[in-house]
2 protein chains.
Amino acid sequence: MSEFKPLDPLLHSQLRLAVMSLLLSVEEAEFTFLKEKTESTAGNLSVQLDKLEKSGYIQIEKSFKGKRPLTTCKILPAGVKAFEEYVENLKNYIN
Amino acid sequence: MSEFKPLDPLLHSQLRLAVMSLLLSVEEAEFTFLKEKTESTAGNLSVQLDKLEKSGYIQIEKSFKGKRPLTTCKILPAGVKAFEEYVENLKNYIN
DNA sequence: TAAATAGGTTTATAATGTAAACCTATTTAT
DNA sequence: ATAAATAGGTTTACATTATAAACCTATTTA
């Protein structure tokens with residue numbers, strides 16, 4: 001795909017892309033916030049966040065908000081870079 | 001996904017998107033041309049073209065070039081529309 | 001104290017993408 | 001004349017992925 005550079009499969013996914021997009025704008029977000037904004041199921045979101053974390057694109061922190069568990073996500077530099085590259089590559093497909 | 005409109009799964013695929021992108025610019029293309037441009041395997045391309053045809057996004061014509069089989073593809077109005085919508089929706093994810 | 005709610009994770013299933021294997025016919029080499 | 005390579009694909013098998021259903025633990029409300 002000379003003019004069609006490969007699209008990072010980790011980002012070429014509707015839900016993961018939406019999550020990354022959100023994380024880019026807010027820089028830190030709770031699980032429930034992401035769930036509402038993306039209108040995804042918790043299970044699906046949980047799985048996709050795991051993948052993004054394992055790839056080093058985001059950081060996940062677990063703590064408590066009062067007595068309730070709280071999962072907070074933050075985009076990492078590698079994630080920002082990957083996202084930017086993805087968008088650059090994508091442009092060759094859609095313009 | 002209020003602000004994240006669903007991305008047409010038929011277009012949210014690296015190879016199919018590349019094919020549609022090519023067909024938009026040339027308006028008619030041979031199988032081998034698409035194969036070279038996308039650097040895909042024939043098998044993969046064949047399958048993806050089938051899906052695009054069944055969805056009504058492209059038209060596939062089979063004929064002969066000399067004595068050899070020739071498969072020619074052309075984008076259809078529904079394909080153009082779907083592509084444009086896809087790009088519009090995608091923008092909310094990547095800007 | 002039973003039932004609902006919050007905040008998730010795990011697991012099972014369905015859908016998808018991909019390449020390998022295959023097929024038919026044609027051309028080239030021996 | 002026959003074998004091997006090439007052209008132009010299709011079919012099939014497999015691996016990966018996406019997704020929701022089921023589940024879990026704890027908390028709050030009826």
- request: Take atom CZ of B/Phe31 and atom C1' of C/dT24, then tell me their distance rounded to the nearest Å.
  value: 15 Å

- request: Under a 3.5 Å limit for both distances, which nucleotide forms a Watson-Crick or G-U wobble pair with D/dA30, could you say?
  value: C/dT1

- prompt: Looking across every strand, which nucleic acid part, if any, lies under 4.0 Å from A/Leu70 by heavy atom: base, sugar-phosphate, or nothing?
  reply: sugar-phosphate

query: Closest to the A/Arg68 side chain: D/dT27, C/dG8, D/dG9?
result: D/dT27

- request: Please state how far atom CG in B/Asn44 lies from atom C1' in C/dT16, giving the value in whole angstrom units.
  value: 11 Å

- prompt: For B/Ser46 and D/dG9, is the shortest distance between a side-chain N/O and OP1 or OP2 below 4.0 Å?
  reply: no

task: Indicate yes or no: does A/Glu30 engage A/Lys65 in a salt bridge with an N to O separation below 4.0 Å.
output: yes

- prompt: Are any of the side-chain heavy atoms of A/Gln14 and B/Tyr93 separated by less than 4.5 Å?
  reply: yes

query: To the nearest Å, how far apart are B/Glu36 CD and D/dG9 P?
result: 12 Å

- prompt: To the nearest Å, how far apart are B/His12 NE2 and C/dG17 C1'?
  reply: 13 Å

query: Do any N or O atoms from the side chain of A/Ser55 and from the backbone of A/Leu52 form a donor-acceptor pair under 3.5 angstrom?
result: yes

statement: Separation of D/dG9 atom P from B/Leu45 atom CG, nearest Å, is 9 Å

- prompt: For B/Lys35 and B/Ser40, does a side-chain donor sit closer than 3.5 Å to a side-chain acceptor?
  reply: no

task: Can you tell me the distance, in whole Å, between the CD atom of B/Glu39 and the C1' atom of C/dA19?
output: 16 Å

- prompt: Rounded to whole angstroms, how far apart are NZ on B/Lys65 and P on D/dG8?
  reply: 6 Å

- prompt: Out of C/dT27, C/dG17, D/dG9, which nucleotide sits closest to the side chain of B/Gln48?
  reply: C/dG17

field: Rounded interatomic separation in angstrom, taking CG from B/Leu15 and P from D/dT17
entry: 17 Å

query: In the structure shown, which nucleotide is the Watson-Crick or G-U wobble counterpart of D/dT25, with both distances under 3.5 Å?
result: C/dA6

query: Reckon B/Lys35 has a side-chain N or O less than 4.0 Å from the OP1 or OP2 of D/dA7?
result: no

statement: The residue, A/Ser13 or A/Lys67, whose nearest nucleotide of DNA chain D is more 5′ is A/Ser13

- request: Establish, with yes or no, whether the OP1 or OP2 oxygen of D/dA18 is under 4.0 angstrom from a side-chain nitrogen or oxygen of A/Arg16.
  value: yes

query: Salt-bridged, A/Lys74 to A/Glu61, with N to O below 4.0 Å?
result: no

task: Could you tell me whether the phosphate oxygens of D/dA18, OP1 or OP2, come under 4.0 Å of any side-chain nitrogen or oxygen in A/Lys51?
output: yes

query: When all nucleic acid strands are considered with a 4.0 Å heavy-atom cut-off, which category describes B/Thr71: base, sugar-phosphate, or nothing?
result: sugar-phosphate

- prompt: How far apart are the C-alpha atoms of B/Phe4 and B/Asn89, what are their side-chain angles, what is the distance that settles it, and do they pass the side-chain contact (heavy atoms from CB on, under 4.5 Å) test?
  reply: CA-CA 7 Å; B/Phe4 298 112; B/Asn89 289 340; over 6 Å; no

- request: Tell which nucleotide pairs with D/dC14, taking only Watson-Crick or G-U wobble pairs whose two distances are both under 3.5 angstrom.
  value: C/dG17

message: Whether B/Thr41 contacts C/dT18 is assessed here as follows: a side-chain N or O lying under 4.0 Å from the phosphate OP1 or OP2. Is that the case?
response: no

query: If only side-chain N and O atoms of A/Lys62 are considered, is one of them under 4.0 Å from the OP1 or OP2 phosphate oxygen of C/dT9?
result: yes

